[in-house]
Number of protein chains: 2
Amino acid sequence: MPADVNNTSRRITAQNWLQSASLRPTRQRMVLADLLVGDGQDRHVSAESLYCAVQDTGETVSLATVYNTLRAFCDAGLMKEITVDGNKTYFDTNTHDHPHYFWEDEGRLSDAPSEQLEILRIPEPPKGARISKVDVIIRLRSDE
Amino acid sequence: MPADVNNTSRRITAQNWLQSASLRPTRQRMVLADLLVGDGQDRHVSAESLYCAVQDTGETVSLATVYNTLRAFCDAGLMKEITVDGNKTYFDTNTHDHPHYFWEDEGRLSDAPSEQLEILRIPEPPKGARISKVDVIIRLRSDE
DNA sequence: TTAAGTGCAAATTATTTGCAGTAAG
DNA sequence: CTTACTGCAAATAATTTGCACTTAA
């Protein structure tokens with residue numbers, strides 16, 4: 001077994017994460033940041049799901065602040081917004097371009113193994129335009 | 001020059017299109033269907049954009065009916081819903097899986113040349129799940 | 001001390017729905 | 001005739017915003 005299964009040494013603290021984007025470490029932001037990057041795993045959340053996660057910790061952050069803070073994290077480049085479902089906005093702590101699974105039955109988003117995606121060529125951008133992002137979303141349904 | 005530049009012979013009439021899905025050819029549906037498949041081109045619309053297109057023809061169809069009818073066309077398999085922007089729902093008359101360009105500046109959706117997209121391998125679905133659809137969205141920004 | 005952050009309630013926006021009237025088969 | 005379709009106005013749902021209060025620097 002490797003020495004550092006959980007990659008503790010490279011784990012980013014909520015504190016550092018906020019600091020790296022020059023965002024003030026308020027109590028609310030610390031609570032959210034901790035839920036988002038506290039264990040070093042990539043997270044995919046909606047405002048609502050994150051709000052529920054906060055409540056499970058016993059802490060208090062208003063729903064409006066969850067919305068505003070997720071926006072702030074995106075503006076600061078700490079997270080990326082992912083559009084998969086017209087009714088909800090999802091946010092990803094992994095800001096690199098990578099494919100996603102969207103579990104249609106549950107409305108849940110997760111990473112797809114990017115090493116299993118091999119794209120040889122993508123359509124080139126029409127003249128006058130450049131590619132800002134390429135989304136690959138693999139929509140899943142549970143077997144019957 | 002080829003004999004049939006506009007592919008007239010294969011062009012589907014609004015009438016036939018509705019008929020093929022056993023949908024009653026009401027005046028409103030005929031107006032919308034005509035705008036959607038009348039010239040044999042694939043169309044990408046939002047409820048709002050289609051509603052405006054209707055008004056340009058001088059015809060009248062209520063916005064609610066545009067919404068309901070687009071839903072009905074999707075339910076009948078005549079169109080596909082495409083999710084690219086959390087604030088608006090887009091519909092495509094081309095029901096086959098194919099890549100899209102999304103012009104972020106204008107909020108416009110169009111087909112990307114699918115022959116320029118070469119995907120060698122996509123992540124396999126986790127056990128218990130099957131792939132229902134793979135979306136490839138190439139987001140574009142105008143230069144400078 | 002002061003600019004930024006927070007929370008509430010109200011506003012906004014896209015879409016859906018209830019229902020009474022209209023039209024297609 | 002009878003069931004599906006349409007249109008309006010009201011309902012819904014996710015997200016944003018105005019503003020008075022609080023807090024980090």
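Residue numbers begin at 1 in each chain, while the letters A, B, ... track the order of the sequences.
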Shared ILVMFWY cluster between [X] and [Y], side chains joined below 4.5 angstrom?
X       : Y       : value
A:Tyr51 : A:Val37 : yes
B:Leu70 : B:Leu78 : yes
B:Met79 : B:Val61 : yes

Members of [range] that approach DNA chain D, where some heavy atom sits under 4.0 Å away:
range                     : value
residues 61-75 of chain A : A:Ala64, A:Tyr67, A:Asn68, A:Arg71
residues 80-91 of chain B : none
residues 23-34 of chain A : A:Arg24, A:Pro25

query: End-to-end bend of the helix from C:dT1-D:dA25 to C:dG25-D:dC1 (five-pair axes, 10° rounding)?
result: 30°

field: A:Glu104 backbone acceptor or donor facing A:Arg139 side chain under 3.5 Å
entry: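 Side chain of A:Arg139 to backbone of A:Glu104, a donor-acceptor pair under 3.5 Å: no, none is there.
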
- request: Return each pair, listed once, that meets side chain to side chain donor-acceptor pair (under 3.5 Å) where at least one residue sits in residues 69-79 of chain B; pairs must be two or more places apart or across chains.
  value: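 As it turns out, the side chain to side chain donor-acceptor pair (under 3.5 Å) pairs with a partner in residues 69-79 of chain B, which skip direct neighbours, are B:Arg71-B:Glu81.
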
Just so I know, are the side chains of [X] and [Y] near enough to count as touching, which here means a heavy-atom distance under 4.5 Å?
X        : Y        : answer
B:Ile119 : B:Val134 : no
B:Ser62  : B:Tyr67  : no
A:Ile82  : A:Phe102 : no

query: Just wondering, more than 12 heavy atoms not from A:Glu124 lying within 6.0 Å of its CD?
result: no

- request: Return the value, rounded to whole Å, for the distance between atom OH of B:Tyr51 and atom P of C:dT15.
  value: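 Going from OH in B:Tyr51 over to P in C:dT15 covers 14 Å.
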
message: Could you tell me the boundaries of the chain A footprint on DNA chain D, defined by atoms under 4.0 Å from its heavy atoms?
response: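 Using the under 4.0 Å cut-off, the span is D:dA14 to D:dA25.
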
task: Examine the side chains of B:Asn94 and B:His44 and answer whether a donor and an acceptor come within less than 3.5 Å of each other.
output: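 Looking only at side-chain atoms, B:His44 and B:Asn94 do not form any donor-acceptor pair under 3.5 Å.
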
- request: For B:Asp135 and B:His100, run side-chain hydrogen bond (donor to acceptor under 3.5 Å, both in side chains): C-alpha distance rounded to whole Å, both residues' side-chain angles, the deciding distance at 0.1 Å, then the answer.
  value: CA-CA 8 Å; B:Asp135 284 343; B:His100 287 104; over 6 Å; no

Output the distance between atom [atom1] ([X]) and atom [atom2] ([Y]), rounded to the nearest 0.5 Å.
X       : Y        : atom1 : atom2 : value
B:Ile12 : B:Asp39  : CD1   : CG    : 12.0 Å
B:Ser49 : B:Leu109 : OG    : CG    : 10.0 Å
B:Thr26 : B:Leu32  : OG1   : CG    : 8.0 Å
B:Thr60 : B:Gln28  : OG1   : CD    : 9.0 Å

